[in-house]
Amino acid sequence: RLAGLIFFVAAGTGVSQADDTTMTEGYSDEGCLAPIAAYKDGLPALDGAEKLSVEDKMIKTTAMFREVMSAFRKVQSCHQSIIVNDGVEDNFAELYTGTRETGRVFDLVQTQFQSTVEELSASALTAVEPAAGASAEANLAAEAQTFNTMDILLDSYLAIEQSQEFGKTLKKIGG
């Protein structure tokens with residue numbers, strides 16, 4: 001219960017700055033935060049994004065976000081391992097600081113991803129041609145484009161939903 005309280009309070013309350021020494025150790029190769037070190041300032045920019053179509057940007061951004069979520073699962077597993085193997089009492093400061101930082105980074109990347117998906121969705125939907133109109137014949141290419149775009153959008157919004165569910169468990173570790 002104490003472990004659950006630590007993680008709930010650390011991840012679920014407002015984020016304060018953790019001390020730099022602990023965060024440096026946490027992001028080291030041996031620290032629990034190492035898997036998310038690349039994301040501590042947010043999602044990285046897509047390489048060559050200016051040359052990608054809206055659909056390709058959405059696909060690559062969603063794939064990147066899924067990798068980020070995998071990194072957060074590793075952090076969660078590391079923190080749980082500390083609780084199980086080493087106990088909370090001896091590691092309270094490390095766990096508290098680490099879970100607060102995990103919550104901060106998670107909220108940052110999730111918000112950035114959701115914002116990016118919403119922007120790309122708007123662009124993608126405005127670019128979709130009508131598959132048929134009142135006096136027009138069916139446009140099979142436009143219909144295929146519409147289905148493809150909708151499939152990509154669905155996948156991206158599913159990633160958002162999954163991250164929201166994961167975020168709930170991240171904030172209740174050990175509880």
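Put simply, M58 and M150 are part of the same group of oily side chains (I, L, V, M, F, W, Y) that touch within less than 4.5 Å, one to the next. A continuous path of ILVMFWY side-chain contacts below 4.5 Å connects F92 to I82, so both sit in one hydrophobic cluster. Taken together through direct or relayed side-chain contacts under 4.5 Å among Ile, Leu, Val, Met, Phe, Trp and Tyr, L108 and L46 form parts of separate hydrophobic clusters.
From R73, atom CZ reaches atom CZ of F166 across 5.5 Å, with rounding to the nearest 0.5 Å. Here NZ of K57 is found 10.0 Å from CD of E119. Values are rounded to the nearest 0.5 Å. Rounding to the nearest 0.5 angstrom, the gap separating the CD atom in E55 from the CD1 atom in I152 is 5.0 Å. Rounded to the nearest 0.5 Å, atoms CE (M69) and OG (S163) are 5.0 Å apart. To the nearest 0.5 Å, the span separating CG on L120 from OG on S156 amounts to 8.0 Å. The CD1 atom of I36 lies 6.5 Å from the CD atom of E101; values are rounded to the nearest 0.5 Å.
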**OP:** Given side-chain contact (heavy atoms from CB on, under 4.5 Å), test F65 with K60 step by step and report yes or no.
**Re:** CA-CA 9 Å; F65 186 67; K60 290 183 180 287; over 6 Å; no
* side-chain contact (heavy atoms from CB on, under 4.5 Å) assessment of R66 paired with D155 -> CA-CA 11 Å; R66 288 193 177 175; D155 185 52; 3.2 Å; yes
*asked:* Checking T116 against T61 for the side-chain hydrogen bond (donor to acceptor under 3.5 Å, both in side chains) test, could you report, in this order, the C-alpha distance in whole Å, the side-chain angles of both residues, the deciding distance, and whether it holds?
replied: CA-CA 8 Å; T116 301; T61 301; over 6 Å; no
Apply side-chain contact (heavy atoms from CB on, under 4.5 Å) to residues T149 and T146 and explain how you reach the verdict.
CA-CA 5 Å; T149 299; T146 300; 5.9 Å; no
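When all heavy atoms are compared, the tightest approach of M64 to L43 is SD-CD2, 4.3 Å. Contact detail for Q112 and G42: the closest heavy-atom pair is OE1-CA, 3.1 Å. The two residues A159 and T62 have their closest heavy-atom pair at CB-CG2, 3.9 Å. The two atoms that bring T111 and D107 nearest to each other are OG1-O, 2.7 Å, heavy atoms only. Between Y27 and V105 the shortest heavy-atom distance is OH-CG2, 3.5 Å. Scanning both residues, P35 and A71, for their nearest heavy atoms gives O-CB, 3.3 Å.
Under the ring pair (Phe, Tyr, Trp, His ring centres under 6.0 Å) criterion, F72 pairs with F106, sequence neighbours left out.
The number of heavy-atom neighbours closer than 6.0 Å to CG of D47, taken from other residues, nucleotides and ligands shown, is 12 or below.
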